[in-house]
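Here is the structure we will look at.
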Amino acid sequence: VSAFLASNAELIITIVKIALLLFIVLTVNAYLTWFERKVVAHMQSRWGPHRVGPHGLLQPLADGVKFLFKEDPTPAGVDKFVYYLAPLLALALALTSISIIPFGPNPIRLFGHDVYLGIAPPDLNIGILALFAITALGVYGVALAGWSSNSKYPLLGGLRSSAQMISYELSLTMSVVGVLLIAGSFNLTDIINVQAKHPERGILGWNIFPQILGFICFFIAAVAETNRVPFDLPEAESELVAGFHTEYASFKFAMFFIAEYTSMITVSSLCAIMFFGGWLSPFPASWTFTHYLPSVILIPAGLWLIWDGIRYETIFGKIILPGVGTVLTVAGIALLMPDLQFVNEFIQAPFWLLSKIFVFLFVYVWMRGTLPRFRYDQLMAFGWKLLLPLSIANVILTSFVILKWGAQ
Amino acid sequence: VTPQLLIFFVLAALAVLGAVSLILQKHPIHSALSLIVVMVALAGLYLLMGAEFVAAVQIIVYGGAIMVLFVFVIMLLNAGIEEHTSLSKFAGPPGLLLVVALAGFVAATIARSTGTVQAAGQTGAMSSTKGISSMLFRDFVYPFELTSFLILVAIMGAVVLAQREKN
């Protein structure tokens, strides 16, 4: 056994990483639904979920159990093979796309192997292209679900979604060309490193400043690609019941749900990596005191959680909330210890990347609480007549600037 | 058997099976799905040869854009199960002849090639943006521009046809 382990170490490390990332992504997905419901509820002066567990924190668990145990009827007249294939395809592609995201620059030394954060190797030359390839295939999950359900609302939802995704994929791809021109590479790690060329500039070195137009186009097109408000026409409740997943119940529905939330995470990571410096700190490199920021956030958050938990109504909440709060406080204090500075240094990069991803996820939820849905003709006119010309103009402008003054 | 060879056989089998299924399926959507399998399997073969860029473009352009359009049109027209007609007299004998000719050509090529086929370079011009750009815009600039022009003409033709229908 040990000989097999030694000769296939890379393979085994990758499999373990996949299992770990899968677990993390699914958990984050579950709590993203809780976060979304809470934030939208507070925006609308409601409480949101608050019955299951303290602050409704066990609601995702209850939802998961419900999805698993609900009856799963297959409607009459569906194309069985495609009907079962569609949710699988949607979920598999969404989960594959997140495996290409790198979460930190430095490897951990484990059993004599450099283990990088993120599944794809850091020297993946076609990083961004591979992501676009997977996104391009993502349309099939929705389109085939709509077609195979043998029902009019899903068919209309599927048709809308294919048309929408074809239209916005162009702008999505064109809007990142500016970033690629600056970086001169498709590799996501290279794209981040180019933004760190002048460590003293900090936030001013990020791509967002030269590429503000590209970012606006990218973010709008990406929201349309993930079928979220205000571009959620494929599942417009008021017109299409539930759009392409009307005929799906139980866990097959949950698979579409997880796929949508996972692609939200992927898009947020891409925004952070390509335009907002990825894992780079927004402060100049010489400001080393900013490295204590994780502790500065963790300790007050933990203390607040303890204070809030002690006053909570239920016994369960009185135990679990201060417990979690204590863990956070202790973790924050531990990161301040001189002996653990190497840990603190190591988590800087993931800390910044995850914070940026969180901000974009919040923007997604914020938009859902704020914006009304587009009309279909508005959607098409916006995509073809405004977004695509803007992103092409960005490519031309960026090319001229780089030709005249160089990439930096 | 090296892992590379194993992956090659799996992908090759997938591509061939997909192509056969493309012809044998009765429903247009199933045929389109089979074609997607062929495209993705081919992309895998390109990856195996170290042509990462070509593999990604294969999936983006063929697997994504073109096949999505196929599926979209089939869905839009709500095309049902094909009605099979009897084999046309014209297609039979010449088709058979073509099959024999193609098989002979492949067999002749295999017979002529001696020893093992050398794999393409793993690194090199085709994996970096710089290499691809200088190939496209310096070495092969005229074919590239001509192809772009051809596609532009096709787009203009489509627009003209759509306009005429409106009036």
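Taking CH2 from A/W147 and NE2 from B/H27, the interatomic distance works out to 4.0 Å, rounded to the nearest 0.5 Å. With rounding to the nearest 0.5 angstrom, the CD1 atom of B/I59 is 7.5 Å from the CD1 atom of A/I134.
Within the 4.5 angstrom heavy-atom criterion, no atom of A/N187 approaches chain B.
With contacts defined as side-chain heavy-atom distances shorter than 4.5 Å, the pair A/V82/B/H30 qualifies. Between B/M75 and A/L155, some side-chain heavy-atom pair lies under the 4.5 Å cut-off. In this structure, B/M67 and A/Y140 have side chains that are in contact, with non-hydrogen atoms separated by less than 4.5 Å. B/I29 has its side chain within reach of A/L144: a pair of non-hydrogen atoms, C-beta onward, lies under 4.5 Å apart.
In this structure, B/V68 and A/A136 approach most closely via the heavy-atom pair CG2-O, 4.2 Å. Nearest approach of A/A133 to B/A56, heavy atoms of both residues: CB-O, 4.1 Å.
With chain B as the partner, the residue from A/L137, A/L129, A/L159 showing the most heavy-atom pairs under 4.5 Å is A/L159.
In A/Y376, the OH atom is crowded: over 12 heavy atoms of neighbouring residues, nucleotides or ligands sit closer than 6.0 Å.
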